[in-house]
Student: 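Here it is, the structure in full.
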Amino acid sequence: MSIRKIVADLHAELVRYNLVVWTAGNVSGRVPGEDLFVIKPSGVSYDELTPENMVVCDLDGNLVAGEHSPSSDTAAHAYVYRNMPEVGGVVHTHSTYASAWAARGEAIPCVLTAMADEFGGEIPVGPFALIGDDSIGQGIVETLKGHRSKAVLMQNHGVFSIGKDPRDAVKAAVMCEDVARTVHVARQLGQPLPIAQDDIDRLYDRYQNVYGQRSPR
């Protein structure tokens with residue numbers, strides 16, 4: 001399956017999990033073996049997205065192929081790909097509960113085993129930055145480099161998530177909103193109980209290295 005089709009199809013997951021409204025949000029994916037990435041075109045409705053209208057950019061965010069203007073978040077995605085070579089996919093959403101935490105500039109504390117599994121700790125807050133250049137990308141990289149979390153809450157903005165490929169980044173965005181909602185509900189009932197760091201480490205290691213089906217060696 002082509003990377004254009006993979007990226008186009010994954011946008012439907014953002015809609016499916018109610019992570020986006022109207023034309024906001026985007027998925028991008030690194031082109032394997034190339035200094036290029038595929039990203040959603042700017043302002044195009046989700047139900048009109050096809051592999052053909054995805055756009056291809058270089059790692060400076062310049063349009064390389066496609067008939068549409070790339071997403072307004074392209075500079076942020078490009079900065080992540082330039083500075084985090086292990087990243088193969090980037091997602092941006094304004095999902096409701098996670099963005100509410102971002103509006104408060106507050107990290108989501110690790111009070112659920114599912115958070116320890118997926119994020120290895122809290123989901124951190126990145127700095128406030130205006131769209132238009134790579135300032136948002138700088139904030140993403142500064143916050144996530146050396147952090148186990150695959151998601152960051154950019155202050156007053158929303159969620160950016162990363163992954164080894166676009167699907168992995170979409171999963172992180174879905175899980176970020178899920179835990180943001182649950183921890184919000186928990187705080188309406190009282191003070192959530194923290195998980196000890198040793199237990200977080202054990203949960204993260206098990207989920208990342210043992211959980212699920214493994215290919216035979």
Student: Can Asp134 and Arg82 be counted as an ion pair, charged N to O under 4.0 angstrom?
Tutor: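 A salt bridge is present here (some side-chain N lies under 4.0 Å from a carboxylate O).
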
Student: A quick test of your reading: do over 12 heavy atoms of other residues, nucleotides or ligands sit less than 6.0 Å from CZ of Arg167?
Tutor: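 No - once you tally the heavy atoms of other residues, nucleotides and ligands closer than 6.0 Å, there are 12 at most.
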
Student: Partners of Val174 by side-chain contact (heavy atoms from CB on, under 4.5 Å), sequence neighbours excluded?
Tutor: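 Applying side-chain contact (heavy atoms from CB on, under 4.5 Å) to Val174 gives Tyr17, Leu19, Val170.
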
Student: Which heavy atom of Pro70 sits nearest to which heavy atom of Ser42, and what is that distance?
Tutor: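 Pro70 and Ser42 have their closest heavy atoms at O-CB, 3.3 Å.
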
Student: Tell me the ring-ring contact (aromatic ring centres under 6.0 Å, His included) pairs involving residues 163-190, sequence neighbours left out?
Tutor: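 Matches after skipping sequence neighbours: Tyr97-His184.
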
Student: Inspect the surroundings of CG in Asp205 and state if more than 12 heavy atoms from other residues, nucleotides or ligands are less than 6.0 Å away.
Tutor: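 Check passes, neighbour count above 12.
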
Student: Decide whether Ser99 and His94 meet the rule of one side-chain donor and one side-chain acceptor closer than 3.5 Å.
Tutor: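 Distance-only check fails for Ser99 and His94.
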
Student: Which is it for Val44 and Leu49 under the side chain to side chain contact (heavy atoms under 4.5 Å, CB included) test, yes or no, and what are the steps along the way?
Tutor: CA-CA 7 Å; Val44 176; Leu49 295 181; 3.7 Å; yes

Student: Are Val21 and Leu14 connected in a single hydrophobic cluster, I mean Ile/Leu/Val/Met/Phe/Trp/Tyr linked by side-chain heavy atoms less than 4.5 Å apart?
Tutor: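 Shared cluster, no.
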
Student: Could you tell me whether the side chain of Asn53 and the main chain of Glu48 form a donor-acceptor pair under 3.5 Å?
Tutor: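 At least one qualifying donor-acceptor pair exists.
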
Student: Can you tell me how far CD of Glu142 sits from CG of Asn83, rounded to the nearest 0.5 angstrom?
Tutor: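 The distance works out to 9.5 Å.
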
Student: Is Arg187 paired with Glu106 through a side-chain N to carboxylate O contact shorter than 4.0 Å?
Tutor: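 Looking at Glu106 and Arg187, the cut-off is met.
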
Student: Could you check whether any side-chain N or O of Asp60 sits under 3.5 Å from a backbone N or O of Asn62, counting only pairs where one atom can act as donor and the other as acceptor?
Tutor: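 Flag not set: sc Asp60 to bb Asn62 has no pair under 3.5 Å.
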
Student: Of all heavy-atom pairs between His77 and Ser28, which one has the smallest distance, and what is that distance?
Tutor: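 Reported closest heavy-atom pair: ND1-OG, 2.7 Å.
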
Student: Does the gap between the ring centers of His92 and His157 come in under 6.0 Å?
Tutor: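 Here the rings of His157 and His92 have centres that are less than 6.0 Å from each other.
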
Student: To the nearest 0.5 Å, what is the distance between CD1 (Ile6) and CD1 (Ile3)?
Tutor: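 The CD1 atom of Ile3 is 4.5 Å from CD1 of Ile6, to the nearest 0.5 Å.
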
Student: With clusters built from Ile, Leu, Val, Met, Phe, Trp and Tyr whose side-chain heavy atoms come within less than 4.5 Å, directly or transitively, what are the remaining members of the cluster of Met154, listed by chain and number?
Tutor: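 Direct or chained contacts put Met154 with Phe37, Ile39, Val55, Leu59, Leu63, Tyr79, Val80, Tyr81, Met84, Val87, Val90, Ile131, Ile136, Ile140, Val141, Leu144, Val152, Phe160, Ile162.
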
Student: What ring-ring contact (aromatic ring centres under 6.0 Å, His included) pairs are there with at least one residue in residues 136-156, not counting sequence neighbours?
Tutor: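 Checked against ring-ring contact (aromatic ring centres under 6.0 Å, His included) - neighbours excluded - no pair reaches residues 136-156.
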
Student: Answer whether the closest heavy-atom distance between the side chains of Glu122 and Ser149 falls below 4.5 Å.
Tutor: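 In short, these two side chains do not touch, never coming nearer than 4.5 Å.
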
Student: If you take all heavy atoms of Ala107 and Pro124, which pair is closest and at what distance?
Tutor: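 So the minimum-distance heavy-atom pair works out to CB-CA, 4.1 Å.
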
Student: Could you check whether any side-chain N or O of Asp165 sits under 3.5 Å from a backbone N or O of Asp168, counting only pairs where one atom can act as donor and the other as acceptor?
Tutor: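 The answer is yes, because a donor-acceptor pair under 3.5 Å joins these two groups.
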
Student: Rounded to the nearest 0.5 Å, how far does CG of Asn156 lie from CZ of Arg104?
Tutor: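 So the CZ of Arg104 and the CG of Asn156 are separated by 12.0 Å.
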
Student: Decide, yes or no, whether a salt bridge links Asp117 with Arg206 under the criterion of side-chain N to carboxylate O below 4.0 Å.
Tutor: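 Salt bridge: yes.
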
Student: Would you find a donor on one side and an acceptor on the other, under 3.5 Å apart, between the side chain of Gln155 and the backbone of Ala102?
Tutor: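 The answer is no, because no donor-acceptor pair under 3.5 Å joins these two groups.
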
Student: Count the heavy atoms belonging to other residues, nucleotides or ligands that lie under 6.0 Å from CD of Glu67, then report whether that count exceeds 12.
Tutor: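 Result for CD/Glu67: open.
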
Student: With clusters built from Ile, Leu, Val, Met, Phe, Trp and Tyr whose side-chain heavy atoms come within less than 4.5 Å, directly or transitively, what are the remaining members of the cluster of Val125, listed by chain and number?
Tutor: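 In the cluster with Val125 are Trp101, Ile108, Val111, Leu112, Met115, Phe119, Ile123, Leu153, Val159, Met175, Val179, Val183.
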
Student: When rounded to the nearest 0.5 angstrom, what is the spacing between OG1 in Thr96 and CG in Asn18?
Tutor: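 Between atom OG1 of Thr96 and atom CG of Asn18 there are 8.0 Å.
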
Student: State which residue, out of Lys171, Arg148, Lys150, fulfils the side chain to side chain donor-acceptor pair (under 3.5 Å) condition with Glu118.
Tutor: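 One option only clears the test, and that one is Lys171.
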
Student: Between Asp9, Leu10, Val91, Val38, which is the residue that forms a side-chain contact (heavy atoms from CB on, under 4.5 Å) with Pro166?
Tutor: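 When side-chain contact (heavy atoms from CB on, under 4.5 Å) is applied between Pro166 and each of Asp9, Leu10, Val91, Val38, only Leu10 qualifies.
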
Student: Is Leu193 isolated, or which residues cluster with it under the ILVMFWY side-chain rule of less than 4.5 Å, directly or via members?
Tutor: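 None; Leu193 is a cluster of one.
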
Student: At their closest point, which heavy atom of Pro51 faces which heavy atom of Ala8, and how far apart are they?
Tutor: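 Smallest interatomic distance, heavy atoms only, reads N-CB, 3.8 Å.
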
Student: For Lys40 and Gly43, which heavy atoms make the closest approach, and how far apart are they?
Tutor: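 Closest heavy-atom pair between Lys40 and Gly43: NZ-N, 4.1 Å.
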
Student: For the pair His11 and Asn26, evaluate side chain to side chain donor-acceptor pair (under 3.5 Å) and give the outcome as yes or no after the intermediate values.
Tutor: CA-CA 7 Å; His11 283 86; Asn26 39 70; over 6 Å; no

Student: For a quick test of reading the model, state the closest non-hydrogen atom pair linking Arg4 to Val56 and the distance between them.
Tutor: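 What the structure gives for the nearest pair is NH2-CG2, 3.5 Å.
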
